[in-house]
Every structure is written in C-alpha cells, then in structure tokens.
Amino acid sequence: MWKGVQAAPADAIFGLTEAFKNDPNTRKVNLGVGVYQDDDGNTPILKCVKEAERLLLDNERTKSYLPISGDPIYAACVQQLLFGADAEVIASKRAVTAHAPGGTGALRVGAQLLYKFRPQAKVWVSSPTWANHVGIFADTGFELRDYAYYDGETHGLDSEAMFRCLEAIPSGDIVILHACCHNPSGVDPQEEQWQRLVDIARKKQWLPFLDFAYQGFGEGVEKDRQAVEMMAAAGVDFIVASSFSKNFGLYNERTGAITIVSPTAAEAGVAMSHLKKTVRGLYSNPPAHGGLTVATILNNQELRNVWMGELDDMSSRIVAMRNALVDGLAARRVAGDFSYIKQQRGMFSFSGLDDGTVSWLRDNKGIYVVGGGRINLAGLTTKNIDYVCDSISEALAGK
C-alpha cells in the first residue's frame, strides 16, 4: 500500500523535541515545545492533582463508559471557569459543553460539526497562528484564509489592519481567535480592542471560534476570560475550545472541552444534539480520568485554593523568566531593544530572532527554538538563563 508514497514531514515542534533528545550537548536547552517546566526543568504533577487522584482512586466504583458528552459535573465546572459561576449564559442554559480529548480534540470536534452545516464556509486564522490550527481545519475539509494580526516592526498587535480584515469577512465564515496568551506571538488585544472585535462579529455575523488553552497564564483566571465574557454578553453564536493541559498540568491525560453558546436555550439544545452525534462518530465518548480530576479539584474548595496558588506560581515563574531574558540581553548590550518581550503574555514569545540565528543556536549551542523565533519561556530556568543570553549575544554579534 505504501510503495511510492512519500513520507509525511515531521511535525515542526515535536520533531524539534526529537532532535533535542538526540543532541549530545550537555548544556542543551529546549525552548520549543509548549510544555510548562519548573526551575529544575521538570514538568511537575500539581499537588492538587495528586490529591484529587488519590480521592478518585479511593472512591472509584466503576470503569463504565461516560456519557457521550462526558460527566455533567465536569461540564458545569468548565462553564463556571469560562463564564463565572453566576453568569447569565449559564443560568439561561444558552451554553452546552462536551468533554473532549484535549484542546486539540475540542477543535477537531468543532471543525467536524461545523463542516457538516457550513462546508462552503472559509476558516480564518490569525497571521501567525498555532500551526496545528491549519492542520485541523484543512484536514476537516475547510478552505483557510488568514487575517492580519502581528506587526513584526512594532512587535505588537497590528490592530487597525486586523479590524479591516475582520470587517471584510463574509457572514457565515468562521474566525479562529486566541482567547488569551496568543500562540505563537504572546500578543493579545486590549479590553477595548476585544470589545471592538466583538462588535464586528455581531455586525458581520461571522462565527467566532475561541481557542482557550492558557486560562490563568496571562493575567489570572478571571481576567483571561474577558473575551469569552464579552462574546456571551453580545448574544452571538460562538464556540470555545478549552484545555486543561497547561493550567492543570494534565498534558498526557488529554483533558479539554468544547462549549457552544447560542442566543437561546432552545438553539443550544439543538446544537448539543448534533455535538453528541459528532462525538459518537469520532470517539464515542471521552476518557474519564482527566475530567474527573479537574471536577474533583474545582468542587473541593480546599483543593481549588491549592490549584489557584500553584497556577499563580507557574504564571509568576514565566513572567520572571521573561524579565530575566530581557534584562540579561540588555546587560550584555545585545544590539536591539528586546523590551517588547516583557509586554507579551503567556508561555510564548516572538523573540525577534530570525531563522538564521535560530539555526545557529541549535547547531552551535544546542538551544532549540521554533522556526520564526517563537520561544517557550517556561523552558528558561535560573540555571540556563545566563547560557541562553550569552549564546544569543554571541549569535547576534556575529551578524
């Protein structure tokens, strides 16, 4: 069957990780894959997760299937994180949620559902965006377009160009938005810019599809959901794909959710019926452990408090590494101003390093950065920050 078939290229990010693992350099640093690491370079299991898992193990009575849409308690917890416990959209039952296998699974389920009803729609992604957005929606069958987002000259949001693009998107098309901590740039719209974006979506009647993978890694759990809250208040149809890989450290449990919000409860009920049908055809019902772990933590005030503290520790460490990188480069009198990195949010940054520098760092220093210069700041530690700054300084001095 496979004779004459050309091998598919390796995934750009996971392929980089494989190269990193095989590199014999004892000082090597992985700034590529989007996984949180502590200051010892480990991806820890959160204390709240360990305790929740102990409770689950002690109280578990069955391994029977979950419902197609997953555990309803988990769905309720997801909605409270997305909108706030007292949100109108929850009380009015305008939102429906299904447990999905990770944020990627949530995006894929949403894509499959939308393709059934809007196969002629175009899917619009930010320029740049997470590479897998393109793969997920293109593999579903959609034609993709991009809209202006990042300004390479200012290292910030190209807001007016973005608004012009969004104004021109036809009714019925689908627009992928990063709810916070934009991947790969780390650049987010401000509150007033989000409000203008929501107003455009309502006026033009295209469908917002929010990828919400980093809640709590920007400015906190509540502040990071401002785009979702604004969409809900506007009364428009929209979809949210959320993930608990980063903020709960549940990477290999593949724990996420897809939430569909409609103007009325009746429409939301119709959406849920087709969402279940889509899930049934893809994987029948979700894995239990990750979702039950999240629900256990969020429904136990003591564990929830521990989680909030651990989440704050993770986000604070990333901010500290942002500052250390900028200050370290400035102290070495590296050409150029890298202070914009301090203004970005979340795990990622468009560092401003070109592909030639990225290749030099990998080949000569064992420092692995994604093409285009995106770095994962959680890969920096107090032990390797000087080595990274020295290496960047050396690379740029040679230009």
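As the structure is a computational prediction, the values presented were derived from the model and not from experiment. Quick note: numbers below take in every heavy atom, side chains included, and nothing from hydrogens, waters or symmetry partners.
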- line: Heavy-atom closest pair (Leu46 atom, Gly249 atom, distance to 0.1 Å) is CD1-N, 4.4 Å
Rounded distance (nearest 0.5 Å) linking atom CZ of Phe348 with atom NE2 of His182: 11.5 Å
message: For Ser391 and Glu394, which I'm curious about, is there any donor-acceptor pair between the side chains at under 3.5 Å?
response: no
- request: Tell me, yes or no, whether the heavy-atom count around Glu167 atom CD, taken from other residues, nucleotides or ligands under 6.0 Å, exceeds 12.
  value: yes
- prompt: Which atom names give the shortest non-hydrogen contact between Tyr36 and Met347, and what distance separates them?
  reply: N-CE, 3.6 Å
- prompt: Do Arg254 and Ser245 meet the criterion of a side-chain donor-acceptor pair at a distance under 3.5 Å?
  reply: yes
task: Give the minimum heavy-atom separation between Ser242 and Leu82, together with the two atoms involved.
output: CB-CD2, 4.3 Å
query: With a cut-off of 6.0 Å (strictly less than), are more than 12 heavy atoms of other residues, nucleotides or ligands near NZ of Lys50?
result: no
message: Measuring from atom CG of Asp337 to atom CG of Leu329, what distance do you get when rounded to the nearest 0.5 angstrom?
response: 10.5 Å
- request: Could you please spell out the steps behind the side-chain hydrogen bond (donor to acceptor under 3.5 Å, both in side chains) verdict for Thr97 and Gln79?
  value: CA-CA 7 Å; Thr97 297; Gln79 290 191 11; 3.1 Å; yes
query: For the residue pair Ser69 and Lys276, what are the closest heavy atoms and their distance?
result: OG-CE, 4.0 Å
message: Do His178 and Thr129 pair up side chain to side chain, a donor and an acceptor below 3.5 Å, judged on atom types alone?
response: yes
query: For the side chain of Arg94 and the backbone of Ile90, is there at least one donor-acceptor N/O pair under 3.5 Å apart?
result: no
query: Are a donor atom and an acceptor atom from the side chains of Asp313 and Ser316 found within less than 3.5 Å of each other?
result: no
- prompt: Around Asp40, counting heavy atoms of other residues, nucleotides and ligands shown, do more than 12 lie under 6.0 Å from its CG?
  reply: yes
query: Cation over ring, Arg374 on Phe350, under 6.0 Å and within 45°?
result: no
- prompt: Between the side chains of Thr293 and Glu53, is a donor N or O closer than 3.5 angstrom to an acceptor N or O?
  reply: no
Donor-acceptor under 3.5 Å (Arg164 side chain, Ala148 main chain): no
query: Taking atom types as modelled and ignoring hydrogens, do the side chains of Gln195 and Asp199 form a donor-acceptor contact shorter than 3.5 angstrom?
result: yes
field: Asp146 and Trp124 side chains, donor-acceptor separation under 3.5 Å
entry: no
query: In terms of heavy-atom contacts, does NZ of Lys93 have more than 12 from other residues, nucleotides or ligands at under 6.0 Å?
result: no
- prompt: Under a single-linkage definition using a 4.5 Å side-chain heavy-atom cutoff for Ile, Leu, Val, Met, Phe, Trp and Tyr, are Leu210 and Phe83 assigned to the same hydrophobic cluster?
  reply: yes
field: Any donor-acceptor N/O pair, Glu310 side chain to Cys48 backbone, under 3.5 Å
entry: yes
query: So which heavy atom on Val78 is nearest to which on Thr259, and how close?
result: CG1-OG1, 4.1 Å
query: If only atom types and distance count, is the side chain of Asp39 paired as donor or acceptor with the main-chain N or O of Thr381 below 3.5 Å?
result: no
- prompt: If you look at every heavy atom in Lys116 and Pro119, which pair is closest and at what distance?
  reply: O-CD, 4.2 Å
message: Quick check on Arg280: does its CZ atom have over 12 non-hydrogen neighbours (other residues, nucleotides or ligands) under 6.0 Å away?
response: no
- request: Could you give me the CA-CA distance, side-chain angles and deciding distance for Ser349 and Gln344, then say whether side-chain hydrogen bond (donor to acceptor under 3.5 Å, both in side chains) is met?
  value: CA-CA 7 Å; Ser349 167; Gln344 298 164 350; 2.5 Å; yes
field: Neighbour count above 12 (heavy atom, 6.0 Å) for Glu222 CD
entry: no
- prompt: Distance-only, no hydrogens or angles: does the Gln37 side chain make a donor-acceptor pair with backbone N or O of Leu380 under 3.5 Å?
  reply: no
- request: Take Phe244 and Phe212, measure what ring pair (Phe, Tyr, Trp, His ring centres under 6.0 Å) needs, and give me the verdict at the end.
  value: CA-CA 9 Å; Phe244 297 127; Phe212 203 4; 9.5 Å; no
- request: Count the heavy atoms of every other residue, nucleotide or ligand shown that sit under 6.0 Å from CD of Glu192, and state whether that count exceeds 12.
  value: yes
task: Find out whether the Lys NZ or Arg CZ of Lys28 is both under 6.0 angstrom from the six-membered ring centre of Phe20 and within 45° of the ring's axis.
output: yes
message: Just checking Ile45: does its CD1 atom have more than 12 heavy atoms from other residues, nucleotides or ligands closer to it than 6.0 angstrom?
response: no
